[in-house]
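One structure is given here, and the rest of the page talks about it.
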Amino acid sequence: MRRSNRSKPRKLPHDTWNHVWQLFCPWVTGGEVAPIHTPSTPRRKRSTLRSVTIATLLCGTLSFASPVQADTFNTDGRIVLASLNNTIPGDNEKAYPELFGANEQYHTDIRPFTKWTGSLKRFKAQFSSSLQHPEVKEWMKLLSSLKDASDEEKIEAVNEYMNEKTFISDSNNYASRDYWATPMEFLARGGDCEDYALAKYISLRALGFPQNKMRLAIVYDRVMRMPHALLIVYQGGEAKVLDNQNPGVMDSADITRYKPIYSISQVAWWRH
């Protein structure tokens, strides 16, 4: 949908937004919960320059640097995620398809959303020590195999791969009401809806999808009568929905069960 040409929406103070989200959506914000650590695999000596280079590039990918033009993959199938650098939407990025038929208001301050920002920070901190984990190696191989695929093939393959992982509630997984896992944690332990969405988001960023064409969306599921999280990818004039409750990729215009609450990227969020 097209954003309004009116002047920028008035921003509420950060403390006010924090208070509102804590009251009505306590599973959205709040302090980070310390994860229950997975058993670590025996450490091997890294073949080092390569692993350090990969980890350094990946850990820098979620910074607010300008886009990097680089080969996304190296020869052994591990990915160099230089393409994850943030890109702020330009003036020409004003039109998006409606998300489940809802209006939206654009905001640039994502600081109140500590579940989202915290998971991205932990992702950067964890990646270099996770390269030798079997589930991470398999993830790298998948993304390497998709480097020459079409955008549609990438979207469908990533959605299918992540949807095969085990669903497990945060209370059973982390003894927490709500914990947003990193992809490495999710691949090792399974997770719930926002963990699927976050793993898909980072996977597609690694495959070259621009930040301003993807959002993690929090919606209200009218069928299950509870909040739910999924990934939105804007492509070909459609808002494509990558949902762990549906095996296939769908157009949001064809889905009636969800009412959007908010959606978010690395540099902006939208209230619906």
Side-chain angles (χ1 to χ4, degrees), residues 1-4 9 12 16-30 95-107 110 112-116 119 152 155-156 158-174 176-181 186 190-201 203-204 213-265 268-272:
M1 117 165 246
R2 190 173 299 275
R3 290 200 291 269
S4 172
L12 290 178
T16 302
W17 272 118
N18 269 318
H19 184 63
V20 170
W21 286 118
Q22 290 286 358
L23 283 175
F24 295 102
C25 301
W27 36 270
V28 171
T29 62
Y96 294 95
E98 288 186 348
L99 187 56
F100 307 114
N103 294 323
E104 60 187 34
Q105 292 180 315
Y106 173 77
H107 303 270
I110 66 171
F113 299 89
T114 56
K115 297 289 185 182
W116 166 251
S119 62
E152 184 175 352
I155 291 170
E156 292 181 353
V158 165
N159 189 58
E160 180 180 3
Y161 182 82
M162 294 303 175
N163 281 358
E164 290 174 350
K165 306 308 173 186
T166 302
F167 182 94
I168 181 169
S169 68
D170 289 331
S171 58
N172 289 329
N173 214 358
Y174 297 100
S176 167
R177 180 177 61 174
D178 188 42
Y179 178 76
W180 288 39
F186 170 66
D192 63 3
C193 54
E194 74 276 355
D195 304 329
Y196 287 90
L198 181 59
K200 293 171 188 180
Y201 176 89
S203 297
L204 291 175
K213 294 296 185 183
M214 291 196 295
R215 304 180 194 174
L216 186 147
I218 300 296
V219 300
Y220 179 74
D221 186 339
R222 295 184 178 98
V223 175
M224 300 297 293
R225 297 184 180 181
M226 62 185 297
H228 182 52
L230 40 80
L231 181 65
I232 303 297
V233 181
Y234 293 98
Q235 188 196 37
E238 296 180 349
K240 298 190 177 228
V241 179
L242 283 65
D243 185 355
N244 66 290
Q245 295 189 145
N246 193 309
V249 176
M250 298 183 66
D251 181 357
S252 72
D254 298 328
I255 301 174
T256 59
R257 68 184 290 174
Y258 296 141
K259 178 181 179 180
I261 301 170
Y262 79 91
S263 54
I264 193 166
S265 72
W269 69 280
W270 293 259
R271 185 168 36 152
H272 297 278

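From a predicted model like this one, the values you see are computed outputs, not experimental measurements.
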If you look at every heavy atom in [X] and [Y], which pair is closest and at what distance?
X	Y	value
E104	W270	OE2-CD1, 3.5 Å
A239	P97	N-CG, 3.8 Å
P260	V219	CA-CG1, 3.8 Å
A199	S203	O-OG, 2.7 Å
D178	K115	O-NZ, 3.0 Å
R215	S263	NH1-OG, 3.1 Å

Open item on the list: For Y262 and F113, take the angle between the two ring planes, folded into 0 to 90°, and tell me which bin it lands in: parallel under 30, tilted 30 to 60, perpendicular over 60.
Closed with: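 Ring orientation of Y262 relative to F113: tilted.
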
Interatomic spacing from [atom1] in [X] to [atom2] in [Y] - rounded to 0.5 Å:
X	Y	atom1	atom2	answer
M162	D195	CE	CG	11.0 Å
C193	L216	SG	CG	8.5 Å
D221	K259	CG	NZ	13.0 Å
M214	Y234	CE	OH	12.0 Å
N173	I168	CG	CD1	4.0 Å
Y174	D192	OH	CG	9.0 Å

- [ ] Just do the side-chain contact (heavy atoms from CB on, under 4.5 Å) check on V241 and N246 with the steps written out, would you?
- [x] CA-CA 9 Å; V241 179; N246 193 309; over 6 Å; no

TODO: For the pair D243 and H228, evaluate side-chain contact (heavy atoms from CB on, under 4.5 Å) and give the outcome as yes or no after the intermediate values.
DONE: CA-CA 9 Å; D243 185 355; H228 182 52; 2.8 Å; yes

Open item on the list: Donor-acceptor pair, distance only, cut-off 3.5 Å: does the side chain of K240 make one with the backbone of I155?
Closed with: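 No, because the side chain of K240 does not come within donor-acceptor range (under 3.5 Å) of the backbone of I155.
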
Task: Side chain R271, main chain H107, donor-acceptor under 3.5 Å - done: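 Looks like no, no N/O pair under 3.5 Å.
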
Task: Basic-acidic side-chain contact under 4.0 Å: D170, R177 - done: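 No, D170 and R177 are not salt-bridged.
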
Open item on the list: As a quick check of understanding, evaluate side-chain contact (heavy atoms from CB on, under 4.5 Å) for E160 and E156, giving each step before the final call.
Closed with: CA-CA 6 Å; E160 180 180 3; E156 292 181 353; over 6 Å; no

Task: For F186, ring pair (Phe, Tyr, Trp, His ring centres under 6.0 Å) partners two or more places apart - done: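 By the ring pair (Phe, Tyr, Trp, His ring centres under 6.0 Å) rule, F186 matches Y196.
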
TODO: I would like to know whether K200 and N163 meet side-chain contact (heavy atoms from CB on, under 4.5 Å); could you show each step before the answer?
DONE: CA-CA 9 Å; K200 293 171 188 180; N163 281 358; 2.8 Å; yes

- [ ] Decide yes or no for R225 and Y220: does some side-chain heavy atom of the first lie under 4.5 Å from some side-chain heavy atom of the second?
- [x]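 They are in side-chain contact.
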
